Amino acid sequence: MTTSGGTTGRGIDHIVLASRDLDGLAAQYEGLGFTLTPKAYHEDRMGTSNRLAQFTGRNFIELLEVDRPQTVMDPGPGGFAFGAFLRSYLSAREGLGMVVFRTDDARADIAAWRAKGLDTYDPFDFERQATLPDGSQVTVGFSLGFVTSPLMPELAFFVCQNRAQEHFWKPAFQTHDNDAHEITAITLAADDPAAHAAFLSGLFNGEVTTIGCGISVACGPHRLDICTPDSLSDTAAAAAQEPGRAVGLEIRAPARAGALTPADKAGGMFIQWVG
């Protein structure tokens, strides 16, 4: 396993923002000043398609929909399947459904989680086609390792081992009109933030600190902030009223520092812009 900067924990790789209308969500994010990659399609067993907002800080927002629900692979008893989870998630809501961490070895992370007694699953490997800025097509590949908490059944966590870094990161897509450079924190809503400390800090031994709205877990150079819904009511809107969910992002964008985009303007999650 690897850590990414900072002193404890593991850096954030990306988040999955799930929608029933990818084109509409993409238009909303382009309206917020994000540059997005062209639409890409995952394998039929996943049944999903996406567009990405990549950042120079080497993490990204994945805008995603389940566009082929009839082809989605079911997980089987005690299993986990990417597309099946998102299909179920979208049957009830739209929003931030998955939190993803960096890794160089997904299988090693799964083994470590099993040794800790966490709920983890078989590794998942897949490939897809990606469009480069010049319009050419390349193959990118990933290995995923999933872990879940019984206290947060509507939120999934996984590590993403990128097996084609040289084709995946595209500088031409990393310049944004809103000056976004990096996801620096993810906010979760929970009635009892401290109840989630053992699981979240146990993933990668991230240090836990007390903050005004609840607790914060170190993720290398980033953070997971777990806050009570009441403390977030003005920013997270309806998303914060369903505890046990991820409800917002903090994004480093010096030109917009101090601004706040509410959840109803950003696909079901709020965005706090920081310098």
Side-chain angles (χ1 to χ4, degrees), residues 1-4 9-18 40 42-43 45-50 52 54 58-66 72-76 78-90 95-128 140-165 168 183 185-188 196 199-206 217 219-220 222-224 226 244-247 249 269:
M1 295 187 295
T2 59
T3 56
S4 302
R10 182 77 63 83
I12 294 167
D13 186 79
H14 68 282
I15 62 97
V16 176
L17 185 62
H42 293 133
E43 300 173 4
R45 59 182 173 151
M46 301 169 74
T48 47
S49 58
N50 69 12
L52 311 179
Q54 295 187 352
R58 286 294 180 115
N59 56 24
F60 62 97
I61 297 171
E62 179 177 12
L63 310 180
L64 179 145
E65 72 174 346
V66 180
V72 170
M73 176 185 70
D74 290 322
F80 187 96
F82 182 87
F85 174 86
L86 289 164
R87 183 178 59 187
S88 175
Y89 182 91
L90 285 168
L96 203 170
M98 292 177 155
V99 175
V100 191
F101 299 94
R102 299 170 178 170
T103 190
D104 291 332
D105 192 338
R107 284 165 170 77
D109 288 327
I110 292 170
W113 290 334
R114 283 183 176 147
K116 293 179 179 180
L118 300 179
D119 292 335
T120 189
Y121 310 88
D122 290 338
F124 184 80
D125 304 307
F126 73 97
E127 295 181 344
R128 67 167 173 83
V140 292
F142 308 88
S143 294
L144 312 182
F146 296 96
V147 61
T148 56
S149 167
L151 298 180
M152 293 179 281
E154 304 303 331
L155 182 61
F157 300 85
F158 67 92
V159 289
C160 181
Q161 180 183 347
N162 188 329
R163 295 185 276 109
Q165 299 269 357
F168 180 81
I183 298 170
I186 300 171
T187 299
L188 280 61
H196 303 281
F199 170 77
L200 294 172
S201 64
L203 294 176
F204 305 109
N205 301 317
V217 179
C219 302
H222 311 132
R223 310 184 320 274
L224 287 180
I226 305 90
R245 286 191 53 208
V247 295
L249 292 187
M269 68 175 186

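All values below come from the heavy atoms of this structure, side chains included, with hydrogens, waters and symmetry mates left out. Worth saying up front: this structure is predicted, and the values here are computed from it rather than measured.
- The distance from the NE2 atom of His196 to the CG atom of Leu151 is 5.5 Å, given to the nearest 0.5 Å.
- Considering every non-hydrogen atom in both Val100 and Cys160, the closest pair reads CG1-CB, 3.6 Å.
- Here the closest non-hydrogen pair linking Asp125 and Arg107 is OD2-NH2, 2.6 Å.
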Test log, rule side chain to side chain contact (heavy atoms under 4.5 Å, CB included), inputs Val147 and Phe199: CA-CA 10 Å; Val147 61; Phe199 170 77; 4.0 Å; yes
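- Between Leu52 and Ile61, the closest side-chain pair of non-hydrogen atoms is not below 4.5 Å.
- Ring geometry for His42 against Phe126 counts as perpendicular: the plane angle is over 60°, on a 0 to 90° scale with 30° as the lower cut.
- Note on Asp119 versus Arg114: no salt bridge recorded, every NZ/NE/NH1/NH2 to OD/OE distance being 4.0 Å or above.
- Ring centroid separation for the pair Phe146 and Phe80 comes in under the 6.0 Å cut-off.
- Closest non-hydrogen pair, Ser143 versus Ala106, comes out as O-CB, 3.7 Å.
- Looking only at side-chain heavy atoms (C-beta outward), Met98 and Ile15 stay at 4.5 Å or farther from each other.
- Counting heavy atoms from C-beta outward, Glu62 and Val16 have side chains that approach closer than 4.5 Å.
- A salt bridge links Asp109 with Arg10: the closest approach of a Lys/Arg side-chain nitrogen to an acidic carboxylate oxygen falls below 4.0 angstrom.
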Residue pair Met73, Glu43: steps toward the side chain to side chain contact (heavy atoms under 4.5 Å, CB included) verdict: CA-CA 10 Å; Met73 176 185 70; Glu43 300 173 4; over 6 Å; no
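- Note: Phe168 and Phe60 have tilted aromatic rings, judged against thresholds of 30 and 60 degrees for the angle between ring planes.
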Test log, rule side chain to side chain contact (heavy atoms under 4.5 Å, CB included), inputs Leu118 and Leu203: CA-CA 9 Å; Leu118 300 179; Leu203 294 176; 4.0 Å; yes
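- Between atom CZ of residue Phe101 and atom CG of residue Asn59 there is a gap of 11.5 Å, rounded to the nearest 0.5 Å.
- The pair Arg163-Asp105 does not count as a salt bridge, with every side-chain nitrogen at least 4.0 angstrom from each carboxylate oxygen.
- Looking at His222, its side chain never comes within 3.5 Å of a backbone N or O of Gly11 through a donor-acceptor pair.
- At a threshold of 4.5 Å between non-hydrogen side-chain atoms, the residues Val159 and Asp13 do not count as touching.
- A heavy-atom distance below 4.5 Å is not found between the side chains of Phe142 and Phe124.
- Two residues are said to be in side-chain contact when any heavy atoms from C-beta on lie closer than 4.5 Å; Leu17 and Leu64 fail this criterion.
- Within the 4.5 Å cutoff, the side chain of Val99 has heavy atoms near those of the Leu224 side chain.
- A heavy-atom distance below 4.5 Å is not found between the side chains of Thr148 and Phe157.
- Side-chain atoms of Glu154 never come within 3.5 Å of backbone atoms of Gly244 as a donor-acceptor pair (strictly under, hydrogens ignored).
- Closest approach of Ala81 and Asp74 over heavy atoms only: CB-C, 4.3 Å.
- Atom CH2 of Trp113 and atom CZ of Phe204 lie 4.5 Å apart (nearest 0.5 Å).
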Intermediate values then yes/no, side chain to side chain contact (heavy atoms under 4.5 Å, CB included), Val140 and Arg128: CA-CA 6 Å; Val140 292; Arg128 67 167 173 83; 3.6 Å; yes
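- Minimum interatomic distance between Leu155 and Gly97 (heavy atoms only, all atoms of both residues): CD1-O, 3.4 Å.
- Minimum interatomic distance between Ile186 and Leu249 (heavy atoms only, all atoms of both residues): CG1-CD2, 3.7 Å.
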